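First the structure, in the form of structure tokens, and then the observations on it.
The first residue in the sequence is number 1, and the count goes up from there. Nothing here was measured: the structure is a model prediction, and the numbers come from that model.
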Amino acid sequence: MTDAALSTRETADVPSGRPAEVPTPAPGDPRLARLSLNQRTTERWSVAEAVAGCVRAGLPAIGLWREPVQEIGASAAARLVADAGLRVSSLCRGGFLTAADPSRRRHALDDNRRAIDEAAELDAACLVMVVGGLPEGSRDLAGARDRMSDGIAELVPYAARRGVRLALEPMHPIFCADRGVLSTLGQALDLAERFPADEVGVVVDTFHVWWDPDVLGQIGRARGRIASFQVCDWITPLPPDALLSRGMMGDGHIDFPLLRRAVERAGYAGDIEVEIFNADVWAADPDDVVATLARRYVTHVLPD
């Protein structure tokens, strides 16, 4: 038996526990050239640990989150990333711009300006905007969407001056009430198209858009607007906390090559970021998680 076959037989994917189907791609494997680890996928890792994990696995990019970045400061995080030779594929997150109370609205806008400053310090490819849901006790969805779009319009000039591209993330409709009043890629594009493409783009996250009957048409419409492409699977049955329902690629129902080909036809050639919120993934050894996602990436995302 070859060493590769032996390593495949003795390695288990997480969180499924099934034997790995292929050997883990080694650092320098050209198939990894666009693969990015979203930091939340290895939720227990600090910025330093996640950067080191990417280096060990040969991943060239990382998607960072503001909270762990703030623990060490954006300047220190930027140095860690640069010294490791990595790219920052995204910073998550700005947004939550739907508050009706004037003081809360001012606070949200100020926090978004800080997020823009952090993204600029990190030289992030984009700042992901999770735009926000309904304010507590409100049923005024139209009003929340209007306030959100007004907030984006207020932030765009500041972001442009700092050289930061805002990336609007449409979210699956189950999150409309509490996280994202942009529910389709079409809605996100309707807003993004009010601004120059290099200032406001969109996120194509497979978890959020795979179900949309018009997703391929809207991805085609998004030519020049795709700021980030994120992948993870839709698993069933959904866990009690829908936020943690993201699965490892290949464990669910999404046709990843179909969506990858569509974003590439639309001109996207950037990093492909794996972002997984899943309690079982978070409980696993982070290095095993990275090894699994690398294997699943080459077997479930890249094939034509």
Side-chain angles (χ1 to χ4, degrees), residues 38 40 63 65-67 90-116 119 126-159 164-195 197 199-215 217-219 221-222 225-230 232 234 238 241-246 275 277:
N38 184 285
R40 190 53 71 90
W65 276 68
R66 292 185 66 202
E67 293 84 356
S90 72
L91 176 65
C92 198
R93 58 194 176 192
F96 292 91
L97 294 166
T98 56
D101 177 78
S103 64
R104 291 185 178 182
R105 180 171 180 79
R106 286 193 298 272
H107 175 79
L109 289 168
D110 288 343
D111 186 59
N112 273 272
R113 293 186 186 97
R114 288 190 290 271
I116 290 166
C126 63
L127 174 64
V128 174
M129 303 295 286
V130 177
V131 298
L134 292 173
E136 185 177 357
S138 174
R139 293 179 174 83
D140 182 10
L141 181 55
R145 285 174 171 154
D146 287 342
R147 291 189 296 274
M148 174 273 300
S149 61
D150 289 345
I152 295 295
E154 186 166 342
L155 291 169
V156 168
Y158 185 80
V164 172
R165 191 183 195 188
L166 304 182
L168 306 179
E169 181 167 22
M171 305 194 80
H172 191 281
I174 61 173
F175 300 109
C176 184
D178 62 344
R179 293 184 181 276
V181 296
L182 288 177
S183 298
T184 68
L185 186 54
Q187 283 181 309
L189 287 168
D190 287 344
L191 177 54
E193 287 170 351
R194 302 178 193 176
F195 309 98
E199 296 178 4
V200 181
V202 295
V203 180
V204 177
D205 183 326
T206 59
F207 178 81
H208 290 307
V209 305
W210 74 279
W211 60 273
D212 187 345
D214 194 30
V215 65
Q218 293 300 324
I219 289 174
R221 173 188 169 194
R225 292 272 176 188
I226 301 174
S228 177
F229 180 45
Q230 297 179 333
C232 70
W234 182 278
L238 295 179
D241 185 349
L243 183 64
L244 304 184
S245 59
R246 292 167 173 256
E275 182 186 53
F277 290 53

* To do: Would you sort out whether Arg93 and Glu169 count as a salt bridge (Lys or Arg N to Asp or Glu O under 4.0 Å), showing the intermediate values?
  => CA-CA 10 Å; Arg93 58 194 176 192; Glu169 181 167 22; over 6 Å; no

Output side-chain donor-acceptor pairs under 3.5 Å for residues 170-181, partner residues at least two apart or in another chain, one line each.
from   : atom 1 : to     : atom 2 : distance (Å)
His172 : ND1    : Ile174 : N      : 3.1

Nearest heavy-atom neighbours spanning [X] and [Y]:
X	Y	result
Leu127	Gly94	CD1-N, 3.8 Å
Gln230	Ser90	NE2-OG, 4.4 Å
Gly151	Leu97	C-CD1, 4.1 Å
Leu243	Phe277	O-CB, 3.3 Å
Ala144	Gly133	CB-O, 4.4 Å
Leu91	Ala115	CD2-O, 3.8 Å

Report the distance from atom [atom1] of [X] to atom [atom2] of [Y], rounding to the nearest 0.5 Å.
X	Y	atom1	atom2	answer
Ser183	Leu141	OG	CG	7.5 Å
Trp234	Thr206	CH2	OG1	11.0 Å
Cys126	Ile226	SG	CD1	12.0 Å
Arg105	Phe96	CZ	CZ	15.0 Å
Leu166	Phe195	CG	CZ	9.0 Å
Gln187	Leu182	CD	CG	6.0 Å

Has [X] got a side-chain atom pairing as donor or acceptor with [Y]'s backbone, closer than 3.5 angstrom?
X	Y	answer
Arg106	Asp101	no
Thr98	Met148	no
Asn112	Ala108	yes
Arg225	Ala192	yes

* Not counting sequence neighbours, which residues clear salt bridge (charged side-chain N to carboxylate O under 4.0 Å, His left out) with Glu67? List them please. => none

* To do: Salt-bridge test for Asp111 and Arg104: reply yes if a basic N is under 4.0 Å from a carboxylate O, no otherwise.
  => no

* Structure fact -> Residues pairing under side-chain hydrogen bond (donor to acceptor under 3.5 Å, both in side chains) where one sits in residues 137-157, two or more places apart or in two chains, turn out to be Arg113-Glu154

* To do: Side-chain contact test, heavy atoms from C-beta onward, threshold under 4.5 Å: evaluate it for Val209 versus Asp205 and give yes or no.
  => no

* Side chains of Thr184 and Gln218 in contact at under 4.5 Å (non-hydrogen atoms) -> no

